**Student:** 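Once you've had a glance at the structure underneath, I'll fire off some questions.
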Amino acid sequence: MAKPSLPVPAATPASTRERLLEAAAELFYQKGIGVGTDELCRAAGVSKRSMYQFFRSKDELLAASLEHSAPRYQAFLLPSEDDRSPRTRILHVFEQLEKAAGGPHFQGCPLVSIATELKSPQHPASVVARRLKNAMTSFFEKEAQRGRAHDPALLARQLTVAFDGASVRAVMQGEGIYGLAVATADALLDGTAGLPRSTANVVSNIPHNPIPG
């Protein structure tokens, strides 16, 4: 079996619907949203009639496939519950990004890729992408609060911009990030909105809520 191109482990397909979701997630990520339904159905090993029994349109399948695959991508990026400092937990996300970006099939953040291609904030898949991307920003903000950052909300937005920018750069240059993403995040953590190093290891009573998967 060929190694999946997405930088996350593929789920084992257990039904016709899941085969469609897996095939769609992979093809949309690697080839873009212009992939036709014939190719999608061939990759999933199902008929077009079967596809339309589960999804009314390709747009609906696109949104559902993103909802299906993105949580695994997020699980790959986000740290599990542990007692590491907020700074370390935030930098973990950028370290994981650099690992993914060094792979031969990396095509950037799937959320950004799809939303950028669609160019329609109201499209169902754009709505899904935005919600999941906002969840990552929320993760950054909660960790920034725990670390007593000067401006947790601003820092979280800055970190999200740095993450997305690093992802796009890797695709545009066709190469890895080579420490640039981690260094940029670290600099932001030291910035005016960032985490004071003297309190970076302090964990407050603010609860940590990981992105729901």
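The shown structure was predicted, so the numbers you read here are calculated from the model rather than taken from an experiment.
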**Student:** Quick one about Glu18 and His68 (side-chain donor to acceptor, distance below 3.5 Å, no hydrogens or angles considered), yes or no?
**Tutor:**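 Side chains of His68 and Glu18: no pair found under 3.5 Å.
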
**Student:** Taking the side chain as C-beta and beyond, is there a heavy-atom pair between Leu180 and Arg169 under 4.5 Å?
**Tutor:**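 When only atoms from C-beta onward are counted, Arg169 and Leu180 do touch, with a gap below 4.5 Å.
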
**Student:** Any non-hydrogen side-chain atom of Gln122 less than 4.5 Å from a side-chain atom of Val127?
**Tutor:**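 No; the side chains remain at least 4.5 Å from each other.
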
**Student:** Please, which pairs that meet salt bridge (Lys or Arg N to Asp or Glu O under 4.0 Å) have at least one residue in residues 60-69, sequence neighbours excluded?
**Tutor:**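 Only Arg56-Glu60, Glu67-Arg131 qualify under salt bridge (Lys or Arg N to Asp or Glu O under 4.0 Å).
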
**Student:** Has Asn134 got a side-chain atom pairing as donor or acceptor with Arg130's backbone, closer than 3.5 angstrom?
**Tutor:**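 Such a contact is found between Asn134 side chain and Arg130 backbone.
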
**Student:** Hey, does Leu91 have a side-chain heavy atom less than 4.5 Å from the side chain of Leu189?
**Tutor:**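 Leu189 reaches Leu91 side chain to side chain.
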
**Student:** Working to the nearest 0.5 angstrom, can you tell me the gap between Glu22 CD and Leu27 CG?
**Tutor:**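 CG of Leu27 is found 11.0 Å from CD of Glu22.
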
**Student:** So, the side chain of Arg19 versus the backbone of Ala44: is there a donor-acceptor pair under 3.5 Å, distance only?
**Tutor:**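 Pair found, side chain donor or acceptor close to backbone of Ala44.
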
**Student:** Could you grab the distance from atom OG1 of Thr192 to atom CG of Leu154, nearest 0.5 Å is fine?
**Tutor:**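 It is 6.5 Å, given to the nearest 0.5 Å.
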
**Student:** Are side-chain heavy atoms of Leu21 and Ser69 found at a separation under 4.5 Å?
**Tutor:**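 No, too far: nothing below the 4.5 Å cut-off.
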
**Student:** Looking only at non-hydrogen atoms, find the nearest pair between Gly194 and Leu155 and report the distance.
**Tutor:**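 Heavy-atom minimum between the residues: CA-CD2, 3.8 Å.
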
**Student:** Counting C-beta onward and ignoring hydrogens, is there a side-chain heavy-atom pair between Phe54 and Leu61 closer than 4.5 Å?
**Tutor:**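 Phe54 does not reach Leu61 side chain to side chain.
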
**Student:** Please give me the minimum heavy-atom distance between Ala101 and Ala170, naming the atom from each residue.
**Tutor:**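 Minimum heavy-atom contact is CB-CB, 4.0 Å.
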
**Student:** Would you check, one step at a time, whether the test side chain to side chain contact (heavy atoms under 4.5 Å, CB included) holds for Val112 with Thr116?
**Tutor:** CA-CA 6 Å; Val112 173; Thr116 301; 3.7 Å; yes

**Student:** Let me confirm one number: the OG-CG distance from Ser50 to Leu20, rounded to the nearest 0.5 Å.
**Tutor:**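 So the OG of Ser50 and the CG of Leu20 are separated by 8.0 Å.
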
**Student:** Given Leu159 and Phe163, is the side chain to side chain contact (heavy atoms under 4.5 Å, CB included) satisfied, shown in steps?
**Tutor:** CA-CA 6 Å; Leu159 289 166; Phe163 179 96; over 6 Å; no

**Student:** Is it true that Arg148 and Glu143 make a salt bridge, defined as a side-chain N closer than 4.0 Å to a carboxylate O?
**Tutor:**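 No, Arg148 and Glu143 are not salt-bridged.
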
**Student:** Using the rule that Ile, Leu, Val, Met, Phe, Trp and Tyr join whenever any side-chain heavy atoms are under 4.5 Å apart, tell me whether Tyr73 and Val171 fall into a single cluster.
**Tutor:**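 Yes; Val171 is reachable from Tyr73 via cluster members.
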
**Student:** Can you check whether Leu188's main-chain N or O pairs, donor with acceptor, with Gln158's side chain at less than 3.5 Å?
**Tutor:**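 Flag not set: sc Gln158 to bb Leu188 has no pair under 3.5 Å.
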
**Student:** Is any side-chain heavy atom of Leu97 closer than 4.5 Å to one of Phe106?
**Tutor:**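 The answer is yes; the side chains approach within 4.5 Å.
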
**Student:** Can you tell me if Arg157 uses its side chain to pair, donor with acceptor, with the backbone of Glu141 under 3.5 Å?
**Tutor:**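 Checked: no pair found.
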
**Student:** Taking only Lys NZ, Arg NE, NH1 and NH2, and the carboxylate oxygens of Asp or Glu, determine whether Glu39 and Lys31 approach each other closer than 4.0 Å.
**Tutor:**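 A salt bridge is present here (some side-chain N lies under 4.0 Å from a carboxylate O).
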
**Student:** A side-chain contact here means heavy atoms from C-beta on lying under 4.5 Å apart; do Leu118 and Leu62 qualify?
**Tutor:**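 Answer yes - side chains close enough.
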
**Student:** Check step by step if side chain to side chain contact (heavy atoms under 4.5 Å, CB included) holds for Gln53 and Arg17.
**Tutor:** CA-CA 9 Å; Gln53 287 177 338; Arg17 186 176 188 276; over 6 Å; no

**Student:** Please check: side-chain N/O of Arg87 versus main-chain N/O of Leu195, any donor-acceptor pairing under 3.5 Å?
**Tutor:**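 Yes, Arg87 side chain to Leu195 backbone: donor-acceptor pair under 3.5 Å.
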
**Student:** With a 3.5 Å cut-off and no angle check, do the side chains of Ser126 and Ser120 form a donor-acceptor pair?
**Tutor:**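 Result is no, nothing qualifies.
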
**Student:** Report yes or no: do Lys99 and Gln96 form a side-chain donor-acceptor pair below 3.5 Å?
**Tutor:**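 Yes, a side-chain donor-acceptor pair sits under 3.5 Å.
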
**Student:** Is a donor on one side and an acceptor on the other found under 3.5 Å between the side chain of Gln74 and the backbone of Leu132?
**Tutor:**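 Checked: pair present.
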
**Student:** Any idea how Phe94 and Phe140 line up, ring-wise: parallel (<30°), tilted (30 to 60°), or perpendicular (>60°)?
**Tutor:**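 If you compare the ring of Phe94 with that of Phe140, the planes turn out parallel.
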
**Student:** Quick check: closest heavy atoms across Ser65 and Ala24, and the distance to 0.1 Å?
**Tutor:**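 Minimum heavy-atom separation between Ser65 and Ala24: CB-CB, 3.7 Å.
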
**Student:** Which residues pass the salt bridge (charged side-chain N to carboxylate O under 4.0 Å, His left out) test with Lys48, sequence neighbours left out?
**Tutor:**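 Only Asp38 meet the salt bridge (charged side-chain N to carboxylate O under 4.0 Å, His left out) criterion with Lys48.
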
**Student:** Can you confirm whether Tyr52 sits close enough to Cys41 that some side-chain heavy atom of one is under 4.5 Å from a side-chain heavy atom of the other?
**Tutor:**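 No, every pair of side-chain atoms sits at 4.5 Å or beyond.
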
**Student:** State whether the side chain of Lys58 and the backbone N or O of Ile33 hold a donor-acceptor pair below 3.5 Å, judged by distance alone.
**Tutor:**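 Yes; at least one donor-acceptor contact below 3.5 Å.
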
**Student:** Measure the spacing between CD of Gln107 and OG of Ser167 and express it to the nearest 0.5 Å.
**Tutor:**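 Result: 11.5 Å between the selected atoms.
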
**Student:** Looking only at heavy atoms, what is the nearest atom pair of Ile177 and Ala166, with distance?
**Tutor:**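 Looking at all heavy atoms of both residues, the shortest contact is CD1-O, 3.7 Å.
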
**Student:** For Asp59, which residues count as a salt bridge (charged side-chain N to carboxylate O under 4.0 Å, His left out) partner, sequence neighbours excluded?
**Tutor:**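 None.
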
**Student:** Under the 3.5 angstrom rule, does the side chain of Tyr29 hit a backbone N or O of Cys109 as a donor-acceptor pair?
**Tutor:**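 Such a contact is absent between Tyr29 side chain and Cys109 backbone.
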
**Student:** Please find the pair of heavy atoms, one from Pro110 and one from Leu66, that lie closest to each other, and give the distance.
**Tutor:**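 Taking every non-hydrogen atom into account, O-CD1, 4.2 Å.
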
**Student:** Let me see the working for His92 and Leu78 under side chain to side chain contact (heavy atoms under 4.5 Å, CB included), right down to the final yes or no.
**Tutor:** CA-CA 7 Å; His92 172 92; Leu78 296 180; 5.9 Å; no

**Student:** Flag the pair Arg197 and Asp186 as a salt bridge only when some basic side-chain nitrogen lies within less than 4.0 angstrom of an acidic carboxylate oxygen.
**Tutor:**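 The answer is yes: the pair qualifies as a salt bridge.
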
**Student:** Is it the case that the side chain of Glu98 and the backbone of Val182 share a donor-acceptor pair, with hydrogens and angles ignored and the cut-off at 3.5 Å?
**Tutor:**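 Side chain of Glu98 to backbone of Val182: a pair is present.
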
